[in-house]
Amino acid sequence: MNALYAFLWIFALWKWGDWRNWKMYYPTILFYILGDFLYLYLLSDFYPMWTYDPQGVDQKVNLTNTHVSFSIMAVKYPVTILIYLYRFPGGKLFKKLLYILGWVLLYTVNEVVDIKLNLIKYHNGWSLKWSILFNAVMFTILWVHHKRPAAAWGLSILFILFLWRQFNVPSAVFR
C-alpha cells in the first residue's frame, strides 16, 4: 500500500505540482518534514498519538511505523507543498479558506481510507476529529510559513503547546 500511495502522490506532482520550481518551496518542505520528524522522535516510541500499522506486502517486507513515516516525509509532504502552495489562490479570504478546507478534506479522506484498511491506529486520546483540526491548522500554518516563516514558527509553537497540554504529554518523552 505504501508504494501505491507513493505512486499516486508522484503522479499528482507530475500532473498538478510545480516540481520545476521546487527551490522556491524548499524552506516550507523542510518546515513540514521537521514538524513530523519531531513528533516521530519525541512521541512515537513513548506516547504516540497515532502509529502506522503496515499491512499486506508492506508487512511482508517488514516495514515499521518509522519506515512508513519516513516514506511519507520523503514523498507525500514535498508533493503536497509543491501542489498546495503552487495552486494557492489569490484574492478573497473566502476563496483561500475553501482551498484550505479542500486540502483538509483530501487528507481526511486519505486518513479514513487508512482507518478502514487498518493502516493507522490512534492512541492516547487522538481521533479522526483531532486529525481534522490538526490538518486545518497545519495547512494554514504551511501557507503562513511560505509568506512569513517567523510567524509560522510562532503559531506552530503555540499549537504544539496547546496539543501538549490537551493530551497531557509527559515530560519523560524528552530523553
Side-chain angles (χ1 to χ4, degrees), residues 1-9 12-13 16-17 28-56 58-59 63-85 87-88 96-146 152-170 173:
M1 192 66 177
N2 209 31
L4 176 61
Y5 273 150
F7 173 77
L8 290 172
W9 282 104
L13 172 62
W16 298 292
T28 305
I29 291 169
L30 291 180
F31 175 76
Y32 192 8
I33 291 170
L34 179 62
D36 202 28
F37 183 76
L38 285 173
Y39 161 76
L40 189 65
Y41 180 74
L42 291 174
L43 299 180
S44 71
D45 288 340
F46 303 108
Y47 201 81
M49 299 294 117
W50 65 86
T51 53
Y52 297 107
D53 189 15
Q55 302 290 319
D58 290 344
Q59 190 177 33
L63 291 183
T64 66
N65 173 62
T66 303
H67 294 119
V68 175
S69 294
F70 281 160
S71 69
I72 289 169
M73 288 181 219
V75 178
K76 183 179 182 180
Y77 294 170
V79 169
T80 294
I81 296 301
L82 292 171
I83 298 170
Y84 175 70
L85 292 177
R87 300 205 168 263
F88 203 93
K96 293 174 183 179
L97 290 175
L98 279 179
Y99 185 74
I100 291 170
L101 287 175
W103 277 90
V104 171
L105 179 62
L106 175 66
Y107 265 50
T108 300
V109 168
N110 186 176
E111 194 160 324
V112 167
V113 169
D114 287 352
I115 291 166
K116 296 293 184 195
L117 295 175
N118 294 314
L119 298 174
I120 192 169
K121 305 270 188 257
Y122 297 134
H123 312 281
N124 297 308
W126 196 265
S127 67
L128 182 62
K129 290 177 186 175
W130 280 105
S131 288
I132 292 168
L133 173 66
F134 181 87
N135 288 330
V137 172
M138 177 190 72
F139 278 110
T140 302
I141 289 175
L142 288 171
W143 176 68
V144 170
H145 184 272
H146 186 60
W153 278 102
L155 292 171
S156 294
I157 290 167
L158 290 174
F159 191 57
I160 288 167
L161 292 173
F162 164 75
L163 291 173
W164 199 275
R165 183 177 175 153
Q166 184 67 36
F167 289 98
N168 298 312
V169 177
V173 301

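Just so it is clear, the structure is predicted and the values come from calculations on it, not from any experiment.
- Distance check: Lys129 NZ to Leu133 CG gives 12.0 Å after rounding to the nearest 0.5 Å.
- A donor-acceptor pair under 3.5 Å links the side-chain atoms of Asn135 to the main chain of Ser131, judged by distance alone.
- In this structure, the separation between CD1 on Ile29 and CG on Leu34 is 13.5 Å, given to the nearest 0.5 Å.
- Here CD1 of Ile83 is found 8.5 Å from CG of Leu106. Values are rounded to the nearest 0.5 Å.
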Q. Hey, mind stepping through Phe31 and Ile141 against side chain to side chain contact (heavy atoms under 4.5 Å, CB included) and telling me if it holds?
A. CA-CA 10 Å; Phe31 175 76; Ile141 289 175; 3.7 Å; yes
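- Between Phe139 and Trp103, the angle of the ring planes lies from 30° to 60°, which puts this pair in the tilted group.
- Using a distance-only test at 3.5 Å, with no hydrogens or angles considered, a donor-acceptor pair links the side chain of Tyr39 to the main chain of Met49.
- Taking the six-membered ring for Trp and thresholds of 30 and 60 degrees, Phe37 and Phe70 have nearly parallel ring planes, at less than 30 degrees apart.
- Expressed to the nearest 0.5 Å, how far OH of Tyr77 lies from OG of Ser71 amounts to 9.5 Å.
- Side-chain atoms of Thr80 and Tyr107 include a donor-acceptor pair closer than 3.5 Å.
- Here the side chains of Ile81 and Tyr32 are in contact, with some heavy-atom distance below 4.5 Å.
- The side-chain heavy atoms of Leu40 and Met73, taken from C-beta on, include a pair separated by under 4.5 Å.
- For the pair Val68/Thr64, no side-chain contact is recorded, criterion being any heavy-atom separation below 4.5 Å from C-beta on.
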Anything under 3.5 Å between a donor and an acceptor, one on a side chain of residues 152-170, the other on a protein residue two or more places apart or in another chain? List them.
| residue | atom | partner | partner atom | Å |
| --- | --- | --- | --- | --- |
| Ser156 | OG | Ala152 | O | 2.8 |
| Trp164 | NE1 | Val169 | O | 3.3 |

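- Counting only distance, with no hydrogens or angles, the side chain of Arg87 and the backbone of Trp16 share a donor-acceptor pair below 3.5 Å.
- The closest side-chain heavy-atom distance from Leu105 to Leu101 is not below 4.5 Å.
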Q: Go through the steps for Leu142 and Phe88 under the test side chain to side chain contact (heavy atoms under 4.5 Å, CB included), then give the verdict.
A: CA-CA 11 Å; Leu142 288 171; Phe88 203 93; over 6 Å; no
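- Partners of Ile132 according to the side-chain contact (heavy atoms from CB on, under 4.5 Å) rule, which considers only residues two or more places apart in sequence or in another chain, are Val104, Thr108, Leu128.
- At a cut-off of 3.5 Å, with distance as the only test, no side-chain donor of Tyr52 or Asp114 sits close to an acceptor on the other residue.
- The two atoms that bring Ala136 and Ile100 nearest to each other are O-CG2, 4.3 Å, heavy atoms only.
- To the nearest 0.5 Å, atoms CG (Leu38) and OG (Ser44) are separated by 11.5 Å.
- Atom CH2 of Trp50 is separated from atom CH2 of Trp126 by 5.0 Å, given to the nearest 0.5 angstrom.
- Nearest heavy-atom pair across Val173 and Leu42 is CB-O, 3.2 Å.
- Judged by distance alone, the side chain of Asn124 and the main-chain N or O of Pro48 form a donor-acceptor pair under 3.5 Å.
- Of the possible polar contacts, none joining the His146 side chain to the Trp143 backbone as a donor-acceptor pair under 3.5 Å is found.
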Q. Where do Leu119 and Asp53 land on the side chain to side chain contact (heavy atoms under 4.5 Å, CB included) test, with the steps shown first?
A. CA-CA 5 Å; Leu119 298 174; Asp53 189 15; 6.0 Å; no
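- Here the closest non-hydrogen pair linking Pro78 and Ile33 is CG-CD1, 4.4 Å.
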